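First comes the structure, then the notes that go with it.
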Amino acid sequence: MNVHPELLPAIERFELPDELGFGDTLAPVMYRLDYADGAWGEGQLLPYADISIDPSAKVLHFAQVVFEGLKAYRGEHAQVKLFRPHMNAARFNRSCARMLMPELPESLFIEGVSAVSACVAPLVPGLPGQSLYLRPLMFGTQPSLGLAPSDRFTFLVIASPSDALITGALRVVVERGMTRASTGGTGNVKASGNYGASLHSSMAATDSGFNQPLWLDAREQKYIEELSAMNFFAVIGGELHTPGTGGTILPGVTRDSVIALAGDLGIPVREGRIAIDTLLQQIRSKQCTEAFACGTAAVIAPISVIGEKDGAMYELAEVSGPVANRLRDELLDIQEGRAPDRFNWLYTAGM
Ligand code: COI
């Protein structure tokens with residue numbers, strides 16, 4: 001890996017703002033790797049800067065672009081720790097395969113996220129809920145207007161010292177019109193187009209006083225899938241229920257971690273179909289006591305109400321209830337170094 005001579009001075013000059021927000025403060029570093037003639041070049045650690053791209057680059061026309069989201073923590077660790085980066089590397093390659101993009105060797109994905117985190121270690125915030133949010137992405141750069149896969153690609157890792165994405169409880173609205181993903185589509189990978197296509201419903205939700213749409217399956221519009229950038233969980237009769245990842249749902253790293261933690265804490269977990277109308281009745285009858293969303297950016301965010309566009313509201317009996325709270329505390333305690341890493345989820349950043 002090459003390290004640009006201007007990088008360290010750029011990091012030394014950089015001052016963190018008082019208010020970080022989520023994803024708004026960009027760390028003064030980026031990792032870049034280019035793919036051409038069937039091979040990856042050498043990684044470069046560069047000062048964060050604009051990149052130039054040909055206006056006919058395939059990504060701008062055909063959205064041949066995938067991304068990841070993962071976090072590095074200072075917390076109470078002596079060194080910056082990444083959370084489960086190998087899981088992100090594996091999912092990244094599943095996204096690449098679906099979008100006909102070249103495989104990125106796991107070692108290069110880890111080199112990128114690890115080197116970026118280590119070189120901005122002094123800028124990784126350490127208050128509870130804070131982290132360095134990392135955004136690896138890959139896109140097709142071949143200049144040509146024909147509909148065909150790109151033959152050259154750029155892989156970047158950029159990073160943002162951030163606060164938690166969500167602080168309060170979420171108000172979600174059932175999306176019974178548009179759909180996020182269908183069988184055989186790209187819903188189970190992190191193709192950027194999935195997120196672009198979710199924006200219309202997300203903005204409509206915000207305009208009507210909600211935070212996010214709750215997506216249903218495209219075939220029957222009957223079963224819960226996920227939120228736009230988070231997986232969905234509900235506590236029903238003391239058991240934790242979440243939609244199974246059967247092809248249209250993103251298999252979240254946080255989702256997987258919640259399931260592992262719940263199992264370890266003796267909370268029964270059921271992965272399978274959750275019919276929206278049944279769930280809404282279970283909320284009314286208080287059989288469903290809690291619901292929450294989870295994701296890398298969001299961690300675990302309680303849901304206070306599930307609403308319908310016709311105005312019907314289903315208020316959860318417990319907001320930030322015992323199950324969501326316990327799982328959130330357990331997860332953050334591991335991530336931020338207050339509890340032993342009993343699942344071996346942390347990876348020390350280095351370069
Ligand atoms: C993440 O949690 O990393 C996501 O992908 C959500 C992001 C789109 C804000």
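Not measured: the values here are computed from a predicted model. Just follow the structure's listing: the first ligand is 1, and inside any ligand the first atom is 1.
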(request) Supply the atom-to-atom distance Leu316 CG to Glu290 CD, rounded to the nearest 0.5 angstrom. (result) 8.0 Å

Can you tell me the protein heavy atom closest to [atom] and the distance?
{"atom": "atom 3 (O) of ligand 1", "result": "Tyr133 OH, 2.6 Å"}
{"atom": "atom 2 (O) of ligand 1", "result": "Ala297 N, 2.9 Å"}
{"atom": "atom 7 (C) of ligand 1", "result": "Arg135 NH2, 3.7 Å"}

(request) Return the minimal non-hydrogen interatomic distance between Pro85 and Ile110, and the atom names on each side. (result)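 Smallest heavy-atom distance, with atoms named: CB-CD1, 3.7 Å.
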
(message) Does the Lys NZ or Arg CZ of Arg284 fall within the cation-pi geometry relative to Tyr314 - under 6.0 Å from the ring centre and within 45° of the axis?
(response)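 Checked: cation-pi criterion met.
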
(request) Report yes if some heavy atom in the side chain of Arg84 is under 4.5 Å from a heavy atom in the side chain of Phe343; otherwise report no. (result) no

(request) Could you list which atoms of ligand 1 come closer than 4.0 Å to a heavy atom of Ala229? (result) 6 (C)

(request) Could I get the full list of side chain to side chain contact (heavy atoms under 4.5 Å, CB included) partners for Val173, not counting sequence neighbours? (result)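 Once residues adjacent in sequence are excluded, the partners of Val173 under the side chain to side chain contact (heavy atoms under 4.5 Å, CB included) criterion are Ala205, Phe210, Lys309.
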
(request) Tell me which part of Lys190 gets within contact of ligand 1: side chain, backbone, both or neither, using heavy atoms under 4.0 Å. (result)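 Looking at Lys190 and ligand 1, just side chain atoms fall under 4.0 Å.
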
